[in-house]
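Keep in mind it's a predicted model, so treat the numbers as computed, not measured.
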Amino acid sequence: AFEKVCSANNIQYEYSGSATRKTVYISSICGLSYKECGTYSGWKYKVNGDVPPVGCSMYKLKDGDTISWYYSINVTD
C-alpha cells in the first residue's frame, strides 16, 4: 500500500530491508531521513490511529484501514 500511494503521488522514499522477508524499514520520505532530528528520530506509522506492535511490512491491512505516517523526533539530543 505504501509503495502504491507513493508512486501514484510521485512521493520519493527510501527504505532498507526486504519486502519478501518482511524486514522493511522506511528510512526517508520526501527527503527527510531518519536520525536527522536526533539519534532516535525517524518515520513511524499508525493504523486507524494506533501504533501497531509490528513493522510496516509485517502488518496485515484490512479493508477500510487508514494508514498515517509521521516523523518522530528525539528532543533530548
Could you list the residues that satisfy side-chain contact (heavy atoms from CB on, under 4.5 Å) with [X], not counting sequence neighbours?
X	value
Asp65	Val47, Asn48, Tyr59, Leu61, Lys62
Lys35	none
Asn9	Val5, Ile11
Phe2	Cys6, Tyr13, Ile26, Ile29, Trp69

Heavy-atom donor-acceptor pair, Ser18 side chain to Thr23 backbone, under 3.5 Å =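 No, the answer is negative, given that no donor and acceptor are paired below the 3.5 Å cut-off.
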
Applying ring pair (Phe, Tyr, Trp, His ring centres under 6.0 Å), name anything that partners Tyr71, two or more places apart in sequence or on another chain.
->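 Tyr71 satisfies ring pair (Phe, Tyr, Trp, His ring centres under 6.0 Å) with Trp43 only.
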
Indicate the atoms forming the closest heavy-atom contact of Lys46 with Pro52, along with that distance.
->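 Taking every non-hydrogen atom into account, CA-CD, 4.2 Å.
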
Closest heavy-atom pair and its distance - Cys37, Ile73 =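 Shortest heavy-atom contact: CB-CG2, 3.6 Å.
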
Which value, rounded to the nearest 0.5 Å, describes the distance between Ser57 atom OG and Arg21 atom CZ?
->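 CZ of Arg21 is found 12.0 Å from OG of Ser57.
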
With respect to Tyr25, which candidate in Tyr15, Tyr45, Tyr34 satisfies the ring pair (Phe, Tyr, Trp, His ring centres under 6.0 Å) definition?
->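 Per the ring pair (Phe, Tyr, Trp, His ring centres under 6.0 Å) rule, the option paired with Tyr25 is Tyr34, out of Tyr15, Tyr45, Tyr34.
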
Apart from Val51 itself, which Ile, Leu, Val, Met, Phe, Trp or Tyr residues share its cluster (side-chain heavy atoms under 4.5 Å, direct or through members)?
->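 Traced through the cluster, Val51 reaches Tyr70.
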
